Amino acid sequence: MSFQPPKGTDDVLAPESESWRAALRQWESWAERYGYPLVLIPVIESTDLFERGVGNTTEVVTKQMYTFTDQGGRSVTLRPEGTAGVVRAFLNSGHQGPWKAAYSGPFFRYERPQAGRRRQFFQVGVEYMDVESPEADAEVIELGFRYLTDIGVPELELTINSLGDSECRPVFVDELRSYLRAKESELTDSSAELIDKNPLRVLDSKADGPKLVDHPRMIDHLCDSCTEHHETVKRLLAELEVPYVEDDGLVRGLDYYTRTAFEYVGRALDAAQNAVGGGGRYDGLAEAIGGRRAPGVGFALGVDRIMLSVGQEIDTPLDAYLVSETGPADALIAASSLRRDGLRVDFDTEGRSVKAQFRTASRAGAPVVLVWRGDGQPVDIQTRDGRAERPLEEVSSWFRTAR
RNA sequence: GUGGCCGUAGCUCAGCCUGGUAGAGCACCUGGUUGUGGUCCAGGAUGUCGCGGGUUCAAGUCCCGUCGGUCACCCCA
């Protein structure tokens with residue numbers, strides 16, 4: 001009998017999982033520096049929340065949700081993204097005024113898995129609610145950029161666009177729609193279907209996008225206030241020394257975005273899925289899910305893809321491996337003492353030979369081996385450079401001074 | 001939903017083209033050596049060759065089906 005994890009889900013074990021730990025620690029550090037406290041929200045939400053928030057025409061909602069009816073007859077869905085849930089939590093809290101939150105955890109989309117695309121994937125992100133200024137956009141974009149740079153995503157590129165607002169976007173969408181209708185025969189079937197439902201996404205198509213070189217551009221149709229917002233965001237990024245590339249084909253897959261939209265792309269990633277993160281402003285989302293008007297901006301980063309692009313592995317960190325010449329019971333007691341002193345120590349519980357214990361110590365990458373020779377005997381401290389002996393209770397102070 | 005590639009020891013894989021009694025490396029265990037251990041030497045255990053059917057005197061190897069994995073399209077983090 002054997003089980004495999006469900007399709008598109010993975011076990012992440014050491015040493016790879018140690019890189020995840022490091023990446024998540026760095027994430028917490030950056031989120032704290034920018035003033036984003038942790039928010040914990042459910043992994044399941046009402047199906048309605050995503051249908052109304054993310055949008056009924058999106059691929060995510062129409063074919064990728066894990067939806068089921070619970071035993072009370074309610075339709076619930078494993079979250080396919082984070083923003084809708086965080087905005088719901090913000091509205092439920094009743095908070096007035098600017099509000100920041102950082103989140104991380106697993107998300108679920110039913111798709112055919114491939115490199116960088118799993119059915120259960122891990123995202124970290126932030127949302128900044130009840131803010132309208134371009135400074136908020138710039139801060140959010142910068143945070144993601146600093147983190148991804150710090151963690152070492154190679155050939156990181158930030159792309160940015162403006163999608164307009166409820167005033168200017170409908171005008172543009174009409175114009176784009178008639179442009180696409182004229183070209184309909186040249187388009188793939190899936191693009192043709194989108195002309196009525198969501199023509200913006202045709203521009204994002206890999207097959208058709210390049211053919212539409214003379215398409216109408218949102219950038220040319222922005223109303224005055226959207227233009228000013230967009231120009232200011234770009235100016236602020238320049239002042240922050242965050243390099244960006246303007247991309248008027250960038251529309252993103254979720255319906256709630258308005259004005260600023262952006263993506264972080266790892267150009268060195270050889271997998272086809274090279275967007276390591278993305279986000280934007282969503283001034284209409286809170287109202288779309290039945291709340292008051294509360295504009296906001298945020299992003300999500302795919303940790304699976306980040307790990308794919310940085311690819312380094314970190315060994316399990318250990319200060320010392322304890323080798324016992326008198327069996328595991330003694331070692332357990334001695335290790336406990338050292339651990340309570342703050343040292344990272346491991347040892348063999350299975351009573352294996354001293355030779356096997358030494359072998360394990362070296363394979364675990366322990367910089368120091370402590371040889372336990374029995375109660376009352378000093379501990380033999382062995383390093384690459386030499387050896388020393390200390391009573392057990394002085395071993396931790398030896399670490400503080402000698403190293 | 002569509003297509004390419006791959007399923008052989010705990011892990012990574014060779015063997016398949018040109019059918020003839022299952023292999024390597026790593027990992028694991030024991031002994032020796034080293035005598036601060038990671039090196040080196042000797043030995044040891046392990047396989048329904050994914051599953052089902054067909055061809056054949058004979059199938060890990062050829063054919064068909066099926067399941068699983070993987071990569072790509074589509075789309076997205």
Side-chain angles (χ1 to χ4, degrees), chain A residues 2-10 13 54 57-65 79-83 103-125 144 148 153 188-191 193-194 198 201-202 204-209 250-254 257 261-266 269-280 298-309 320-323 325 350-371 379-389:
Chain A
S2 72
F3 286 102
Q4 291 192 308
K7 193 182 188 73
T9 67
D10 298 293
L13 312 175
V54 176
T57 66
T58 61
E59 194 100 345
V60 169
V61 168
T62 53
K63 2 182 159 162
Q64 300 180 346
M65 294 207 301
R79 59 185 185 184
E81 61 96 52
T83 302
Y103 63 89
S104 64
F107 294 83
F108 306 85
R109 291 182 197 173
Y110 189 88
E111 306 174 83
R112 288 286 289 268
Q114 66 187 78
R117 191 176 67 190
R118 319 260 72 203
R119 288 183 173 179
Q120 177 177 330
F121 54 103
F122 200 100
Q123 288 189 162
V124 299
L148 293 170
V153 173
T188 59
D189 291 349
S190 61
S191 291
E193 281 175 35
L194 284 170
N198 195 338
R201 285 188 26 227
V202 177
D204 213 19
S205 159
K206 272 183 192 148
D208 294 324
L250 174 63
V251 299
R252 319 251 332 118
L254 313 180
Y257 288 112
F262 57 93
E263 242 172 41
Y264 304 101
V265 181
L269 210 54
D270 54 5
Q273 313 302 326
N274 64 358
V276 296
F299 64 71
L301 310 176
V303 179
D304 309 68
R305 290 184 185 177
I306 291 171
M307 298 320 300
L308 218 52
S309 71
Y321 193 90
L322 183 72
V323 169
E325 296 188 344
E350 302 306 299
R352 298 192 303 150
S353 68
V354 171
K355 181 193 180 95
Q357 294 182 61
F358 270 109
R359 194 164 46 232
T360 301
S362 66
R363 294 204 169 129
V368 174
V369 175
L370 303 172
V371 183
V379 176
D380 184 16
I381 303 171
Q382 302 183 0
T383 69
R384 280 176 193 78
D385 311 320
R387 59 199 302 176
E389 291 194 337

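Residue numbering restarts at 1 for every chain, and letters A, B, ... go by the order of the sequence lines. The figures that follow rest on heavy atoms only: side chains count, while hydrogens, waters and symmetry mates do not. Owing to the predicted nature of the structure, the values given are computational and were not obtained by experimental measurement.
Summarising the base pairing, rC26(B) is matched to rG10(B) through a Watson-Crick or G-U wobble pair whose two defining distances lie under 3.5 Å. Nucleotide rU21(B) is matched to nothing when pairs are restricted to Watson-Crick or G-U wobble geometry with both distances under 3.5 angstrom. Across all strands shown, rC40(B) pairs with rG32(B); the Watson-Crick or G-U wobble distances both stay below 3.5 Å. For rC62(B), the paired nucleotide is rG54(B), the pair qualifying as Watson-Crick or G-U wobble because both relevant distances are below 3.5 Å. Of the nucleotides present, rG4(B) is the one that pairs with rU70(B) by Watson-Crick or G-U wobble criteria, both distances under 3.5 Å. In this structure, rC75(B) forms no base pair with any nucleotide, since neither Watson-Crick nor G-U wobble geometry is met with both distances under 3.5 Å.
One C1' atom belongs to rG20(B), the other to rG15(B), and the distance between them is 14 Å to the nearest Å. Annotation: rG23(B) and rU33(B) have their P atoms spaced 32 Å apart (nearest Å). Separating the C1' atom of rU8(B) from that of rC49(B) is a span of 4 Å, rounded to the nearest Å. Nucleotides rC41(B) and rG47(B), compared at atom C1', are 28 Å apart to the nearest Å. Spacing of C1' atoms, rG10(B) relative to rU21(B), comes out at 26 Å, to the nearest Å. If you take atom C1' in rA27(B) and the same atom in rC11(B), they sit 7 Å apart, rounded to whole Å. rU48(B) and rU34(B) have their C1' atoms separated by 44 Å, with the value rounded to a whole Å. Annotation: rC13(B) and rC5(B) have their C1' atoms spaced 16 Å apart (nearest Å).
For the pair Pro106(A) and Gln120(A), the tightest heavy-atom approach, listed with the atom from each and the gap, is CB-NE2, 3.6 Å. The minimum heavy-atom distance linking Leu269(A) with Asn274(A) is given by the pair CD2-CA, 3.7 Å. Considering all non-hydrogen atoms of both residues, Phe299(A) and Tyr264(A) come closest at CD2-OH, 4.0 Å. Closest approach of Ala115(A) and Gln273(A) over heavy atoms only: O-CG, 3.4 Å.
Here the side chain of Ala356(A) is nearest to one of rG69(B), rC75(B), rU30(B), namely rU30(B). Comparing rG38(B), rC73(B), rC76(B) against the side chain of Arg117(A) picks out rC73(B) as the nearest. For Gln64(A), whose side chain is taken as the heavy atoms from C-beta onward, the closest listed nucleotide among rG37(B), rC75(B), rA77(B) is rC75(B). When each of rC75(B), rG69(B), rA72(B) is scored by its nearest atom to the side-chain atoms of Glu59(A), the top-ranked nucleotide is rC75(B). Ranking rC73(B), rC76(B), rG38(B) by closeness to the Arg305(A) side chain, first place goes to rC76(B).
Across the protein-nucleic acid pair, Glu325(A) atom CD and rU36(B) atom C1' stand 12 Å apart, rounded to whole Å. Straight-line distance from the NZ atom of Lys7(A) to the C1' atom of rG69(B): 7 Å, rounded to whole Å. For the pair Leu301(A) CG and rA77(B) P, the interatomic distance rounds to 11 Å; values are reported in whole Å. For Gln4(A) and rG7(B), the CD to P distance is 15 Å, given to the nearest whole Å. In this structure, Gln273(A) atom CD and rC71(B) atom P are separated by 10 Å, rounded to whole Å. Nucleotide rC76(B) holds its P atom 19 Å from the OH atom of Tyr110(A), rounded to whole Å. The nearest whole Å value for the distance from the CG atom in Leu13(A) to the P atom in rG10(B) is 17 Å. Spacing between atom CZ of Arg109(A) and atom C1' of rA77(B) amounts to 6 Å, rounded to whole angstrom units.
Within 6.0 Å of the OH atom in Tyr110(A), the count of heavy atoms belonging to other residues, nucleotides or ligands does not exceed 12.
The line from NZ of Lys63(A) to OG1 of Thr58(A) is 10.5 Å long, rounded to the nearest 0.5 Å. If you take OG1 on Thr83(A) and OH on Tyr103(A), they are separated by 4.5 Å, rounding to the nearest 0.5 Å.
Proximity of a side-chain donor or acceptor of Arg305(A) to a complementary backbone N or O of Arg117(A) within less than 3.5 Å is not detected. With hydrogens and angles disregarded, a donor-acceptor distance shorter than 3.5 Å links the side chain of Arg119(A) to the backbone of Glu111(A).
For rC74(B), the base has a donor-acceptor partner in the side chain of Gln114(A) [N/O atoms by modelled type, under 3.5 angstrom]. Between the side chain of Glu111(A) and the base of rA77(B), at least one donor-acceptor pair of N or O atoms lies under 3.5 Å.
Residues Phe358(A) and Val371(A) are in side-chain contact: their nearest non-hydrogen atoms beyond the backbone lie under 4.5 Å apart. Residues Arg109(A) and Phe121(A) meet the side-chain proximity criterion, which asks for heavy atoms closer than 4.5 Å.
Stacking of Phe121(A) onto the six-membered ring of rA77(B) is present: less than 5.5 angstrom between centres, less than 30° between planes.
At rG38(B), none of the side-chain N or O atoms of Arg384(A) fall inside 4.0 Å of OP1 or OP2 (strictly under the cut-off).
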Under 3.5 Å, which protein N or O atoms sit close to an N or O of nucleotides 41-52 of chain B? Give each pair with its distance.
none

Report each atom pair, protein N/O against N/O of nucleotides 2-4 of chain B, whose distance is under 3.5 angstrom.
| from | atom 1 | to | atom 2 | distance (Å) |
| --- | --- | --- | --- | --- |
| rU2(B) | O4 | Arg112(A) | NH1 | 2.9 |
| rU2(B) | O4 | Arg112(A) | NH2 | 3.1 |
| rG3(B) | O6 | Arg112(A) | NH2 | 3.4 |

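Nucleic acid contact class of Gly116(A) (heavy atoms, under 4.0 Å, all strands): base. Using a 4.0 Å heavy-atom cutoff across all strands shown, Val276(A) reaches sugar-phosphate atoms only and no base atom.
Nearer to the 5' terminus of RNA chain B, by closest-nucleotide assignment, is the contact made by Ser353(A) (compared with the other of Asp380(A) and Ser353(A)).
Classification of Arg118(A) and Asp304(A) as a salt-bridged pair fails, no side-chain N sitting under 4.0 Å from a carboxylate O.
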